[in-house]
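Inspection log for the structure reproduced underneath, given as structure tokens.
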Amino acid sequence: MKAIKVNEYGGPEVLSYEDVALPEPGRGEVRIRLAASGVNYIDTYQRTGLYPRELPFTLGLEGAGEVEAVGDGVEEFSTGDYVAFAGVPGAYAEYIVAPADRLVPFNVTYVEARMAAAIMLQGMTAHYLTHSTFPIEEGQTILVHAAAGGVGLLLCQIAKLRGATVIGTVSTEEKAKLARGAGADEVILYTEQDFAEETERITGGEGVHVVYDSVGKDTFDKSLDCLRPRGYMVLFGAASGPVPPFDLQVLNQKGGLYVTRPALAQYTATREELLWRAESLFTWIGQNNLDMRIGGTYKLSEADQAHRDLEGRKTTGKLILIP
Ligand code: NDP
């Protein structure tokens, strides 16, 4: 079978489309024929070595497809079932072997396999950020950076479902239009405007209850200035680079702020939480309450181009790879 391997850390050019052996499921595992794999920003961190993995490895953490072989001890799934996953390494491939307890079943009549692959990682991230890290309450005001990105568009929509007023930041007018379409009440072009000043103006000097910041280095300091006293800074990514070491006394000076740096694995640690988040997303998609925008579809062999586009800020919504 074909897979995208990383044999050395580096730029998109290190993504190597290779023949590899078809993996066999062990006890508690199933083999899935992938209909699509999701591209996520974390894949670029693993490719460059910012988040190191033992070399060589097959990239990718997210996908969906049909169960094709079942290992001993698996009772929940049979061949022919459709399943989706996030956080299982080796998804940039035609087939993957995954632990059955990390899989979420879905009904392919209601949710297309490509959609299921697309929603898992970014969707469950938007879910835990809005429901668990900072459970948004009706009437609260939130700031979402990179609001037209994969996580961003979902975060805006789910925050609206929870009754928030949403301020989004984006780099271009085209992205601003998409963020508004996802429910953002106000959109700031943070490449042209000072987003802290704009947030102060929009909120009448009150500040927001929470900032969801996946941009990191370029936005972190100013994001603290957007918060009302005792507000929450949720730093969940580093698209512009990691935030340097930070003086905690600043949190006192800026109003007794909270900072957290969460990751999806902490919020899908139990099967119950995993199913709650994924099934909520599938239900919203099935009921047309959530628009899953697939902004780019690439062949598996073109994963390098998907990475160039993602890192070049050229993309909107979700990118998927088709084997
Ligand atoms: P996006 O589709 O959001 O792409 C990243 C976006 O970040 C770009 O489109 C761009 O939007 C913005 N950006 C700002 N500055 C830069 C820069 N210097 N270089 C590149 N992009 C920049 O990606 P994802 O939805 O896949 O991920 C978004 C973020 O969320 C990532 O940081 C990722 O690591 C994080 N994440 C964290 C998770 C967690 O559990 N902690 C889980 C999932 C994702 P614009 O042009 O509008 O500025």
Side-chain angles (χ1 to χ4, degrees), residues 11-12 37-48 50-51 59-62 86-87 91 117-134 143-158 167-180 182 184 187-193 195 211-220 222-223 233-243 259-269 273-274 277 281 292-296 306-321:
S37 313
V39 177
N40 292 288
Y41 221 92
I42 190 173
D43 304 339
T44 71
Y45 307 147
Q46 294 191 346
R47 190 203 69 220
T48 60
L50 178 66
Y51 291 0
L59 200 58
L61 295 169
E62 175 184 45
I119 194 69
M120 288 295 284
L121 200 149
Q122 295 171 341
M124 290 200 293
T125 299
H127 188 281
Y128 85 72
L129 293 172
T130 51
H131 287 66
S132 304
T133 306
F134 181 88
L143 178 63
V144 176
H145 286 308
V151 178
L153 285 176
L154 296 167
L155 205 40
C156 290
Q157 294 178 73
I158 296 173
I167 305 171
T169 63
V170 294
S171 64
T172 66
E173 270 303 341
E174 185 212 342
K175 290 187 177 187
K177 213 181 276 175
L178 286 171
R180 281 192 202 96
V187 181
I188 303 167
L189 264 76
Y190 58 179
T191 38
E192 293 173 16
Q193 296 166 292
F195 72 80
V211 178
Y212 293 110
D213 186 349
S214 65
V215 173
K217 182 166 71 66
D218 290 353
T219 46
F220 182 82
K222 239 179 211 178
S223 293
M233 173 67 188
V234 180
L235 175 70
F236 70 100
S240 67
V243 175
V259 176
T260 182
R261 176 56 176 94
L264 177 61
Q266 299 141 6
Y267 289 87
T268 49
E273 243 187 338
L274 173 71
R277 299 195 197 285
L281 296 163
M292 177 67 243
R293 178 185 165 82
I294 297 182
H307 277 219
R308 278 186 199 98
D309 293 346
L310 184 62
E311 292 175 291
R313 299 171 82 161
K314 292 190 185 135
T315 64
T316 55
K318 180 74 190 176
L319 309 184
I320 56 169
L321 305 175

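Starting from 1, each residue takes its place in the sequence as its number. Each ligand, and each atom within it, is numbered from 1 in the order the structure gives.
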Check: I158 and H131 side chains under 4.5 Å, non-hydrogen atoms: yes
Non-hydrogen atoms of V39 and L310 that approach each other most closely: CG1-CD2, 4.1 Å
When you compare ligand 1 with T169, is there at least one nitrogen or oxygen pair between them that comes in under 3.5 angstrom? no
Residue portion contacting ligand 1 (non-hydrogen atoms closer than 4.0 Å) for [X]:
X: V215; value: side chain
X: T172; value: neither
X: P262; value: backbone

Does [X] reach ligand 1, in the sense of a heavy atom lying below 4.0 Å from it?
X: A148; answer: no
X: Y128; answer: yes
X: A263; answer: yes

I'd like the name of whichever of E174, K175, Q122, E311 reaches closest to atom 11 (O) of ligand 1 through any heavy atom. K175
Sidechain N-carboxylate O distance under 4.0 Å for E273, R277: yes
Checking side-chain hydrogen bond (donor to acceptor under 3.5 Å, both in side chains) for the pair T268/Y128: CA distance, chi angles, key distance, verdict? CA-CA 9 Å; T268 49; Y128 85 72; over 6 Å; no
Taking only non-hydrogen atoms of A238 and a 4.0 Å limit, the atoms of ligand 1 in range are 32 (O)
No-hydrogen, no-angle side-chain donor-acceptor test under 3.5 Å, H145 and T169: yes
